[in-house]
Amino acid sequence: MRIINLNPDTDIGASAWFVEMEGHRLLMDAGIHPKREGRDSLPMYHLIKQAGLDAIAISHCHHDHVGSLPVALRYAPQAQVLMSELSYFLVERVLHNSVNVMKRQREELGIKEYPLFSHDELDDISPRFEGFKYNRQIDWAASPKSRAGFLSPTLEFYDAGHALGSAGLMVRGQRETLFYTGDVCFHDQSILKSARFEDVQADVLLMETTRGGRDLPSGFSRQTEITRLRQAIRRVVDEKRCLLIPTFALGRTQEILALLAMMLGEGELKPQPIFIGGLGRVFTEIYDLESHRTHRQYPNLQLREALNLVVLEQGQAQKMKLTGPRIFVITAGMMSENTAAHDLAIRMVGDKKHAIFFVGYTDPDTPGGRLRAAKHGQAFHFSSPAGDLTRLCHIEDFDLTAHANRNEMLDFVGQVGPRVVLLTHGDQAARNWFQQQIHARHPRIKILQPKPGEPVEV
Ligand SMILES: [Zn+2]
Ligand SMILES: [Zn+2]
């Protein structure tokens, strides 16, 4: 089979993989680069202009995996878009929101190329989206007649436990198999249960390496981390301060809300409004509506009933009074410009009364990453609209990752037993760690780190 990494960056960037297996062509993921602007944020779709895609399969609805889907479809006028049934409930909301964000960036930052697609285009392509249950084999290739001599490969979605709808993709041909992990989590989170990859075996494994550069401190457990977070939240609220937890709208927001609901239920928190963003509310509603269809904990927990969720209106982050206690669980996780988390942080960073808790990954080149690295009492560059700020507020980090830890990933390689492993979705240090460790444990496995745009035959 032939595989091309279409991500323009060697870091996490924009996930998009072209796969040609037994004469059939599949695009796995159609992401967008969260740190780049305009067309530079797109995968290298020009490389597959003539390819004639049979289908596009989406691992999950985070932007780095789905954010350029409408653009990808311009290169695949016949292709259906296949995803898990839970992703199917989310995907249009995610993409319509992207249009709104890009329109705002066009106005505020003068990026003329935005929006890269329109609401109308989305409405035109949405009939081509199809949702499937986990663990069903799906025909995805064009009819066997059109590509004489081949029987179609199949596709199967495996629950990846990372965010609602997340899936690993199994592509089974007549002669060989490929498994793509997407983003995967091998431990239970507060809501979602861990990935169900137990019976996955494949000839070729394409795996994420997000946590490859990170060793867990001794004595670390998710449970102790949750306990530490609960205590820290209680302290801020008891002292009537404001707390900002910047999160991604899909996944981490609902995990944090579930934690707050438990604290409320157990009397650790008094009833009070929890401020969230508009998109966070939409996804929270879908988490609630699909709770019995999801492999999760507390299927009867309805976040919107358990909590008094208040949606921040546009511009409210700049204006509202910051007298505590107030809890904000809002986008964006990396505090990128033009988000409520960014605008609130500008007001909170310089005030020692306030607290900001990081509960997810922040790229060092983002406002959130720079704030996280800033020393107390020191000026640092936050963002171009905000300029330099001095950090006086209380900052704390909690490791509530929705990605598998590196030793779990390493064990997974042993389970899958592949001939070839391709490393992706991690920085150079993370990929190198996996390269060395896999080689040490399994010297016969061929390990590749395909460069942007470089086709590999496996
Ligand atoms: Zn993700
Ligand atoms: Zn990702």
Side-chain angles (χ1 to χ4, degrees), residues 5-17 27-36 41-43 57-69 72 83-84 86-87 89-91 93-95 97-98 157-169 180-187 189 191-195 197 206-214 246-256 279-280 283 286-287 294 331-334 336 359-363 365-366 368-369 399-406 408-409 422-427 430-431 434 452:
N5 175 13
L6 300 176
N7 181 358
D9 199 343
T10 49
D11 275 5
I12 290 180
S15 290
W17 291 88
L27 180 69
M28 302 192 302
D29 278 346
I32 201 152
H33 198 301
K35 286 191 310 182
R36 295 189 179 191
S41 60
L42 291 170
I58 297 297
S59 69
H60 66 293
C61 285
H62 282 152
H63 281 104
D64 57 323
H65 299 263
V66 76
S68 67
L69 178 58
M83 64 195 86
S84 73
L86 293 165
S87 286
F89 296 123
L90 300 164
V91 65
R93 312 303 290 261
V94 171
L95 294 172
N97 180 69
S98 294
F157 293 99
Y158 281 75
D159 184 356
H162 164 74
L164 194 71
S166 65
L169 312 180
Y180 168 43
T181 60
D183 291 356
V184 55
C185 188
F186 285 124
H187 56 261
Q189 302 182 63
I191 298 183
L192 290 193
K193 288 193 176 173
S194 65
F197 283 5
L206 176 50
M207 63 181 261
E208 69 133 310
T209 60
T210 313
R211 304 268 292 180
R214 195 179 173 114
T247 54
F248 294 106
L250 173 64
R252 201 58 54 89
T253 293
Q254 293 74 34
E255 295 291 337
I256 296 294
L279 194 62
F283 294 148
I286 299 175
Y287 262 72
T294 308
T331 48
M334 303 204 206
S336 35
V359 294
Y361 173 74
T362 47
D363 187 289
D365 288 339
T366 56
D399 184 354
L400 300 186
T401 187
H403 291 272
N405 289 315
R406 60 187 192 176
E408 296 169 323
M409 280 318 276
L422 292 89
L423 303 175
T424 177
H425 203 285
D427 59 25
R431 283 180 279 125
F434 276 108

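Indexing begins at 1, ligand by ligand and atom by atom, following the structure's order. On a predicted model such as this, the values are computed, not experimentally measured, just so you know. When a residue number appears, it is its place in the shown sequence, counting from 1.
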Taking the side chain as every heavy atom from C-beta outward, state whether Val359 and Arg252 have any pair of such atoms under 4.5 Å apart.
-> yes
Tell me whether His60 has at least one N, O or S atom under 2.8 Å from the Zn ion (ligand 1).
-> yes
Could you pull out the atom name of the N/O/S atom in Asp64 that is nearest the Zn ion (ligand 2)?
-> OD2
State, without any angle test, whether His65 and Asp183 hold a side-chain donor-acceptor pair at a distance under 3.5 Å.
-> yes
Between Lys35 and Asp11, does at least one N-O distance fall below 4.0 Å, as a salt bridge requires?
-> no
Do Thr247 and Glu255 come close enough that some side-chain heavy atom pair is under 4.5 Å?
-> no
Vertex the Zn ion (ligand 1): angle to OD2 of Asp183 and NE2 of His162, to 10°?
-> 100°
The Zn ion (ligand 2) to His425: nearest N/O/S atom name = NE2
Can you tell me if His62 has an N, O or S atom under 2.8 Å away from the Zn ion (ligand 2)?
-> no
Side chains of His425 and His403: donor-acceptor distance under 3.5 Å anywhere?
-> no
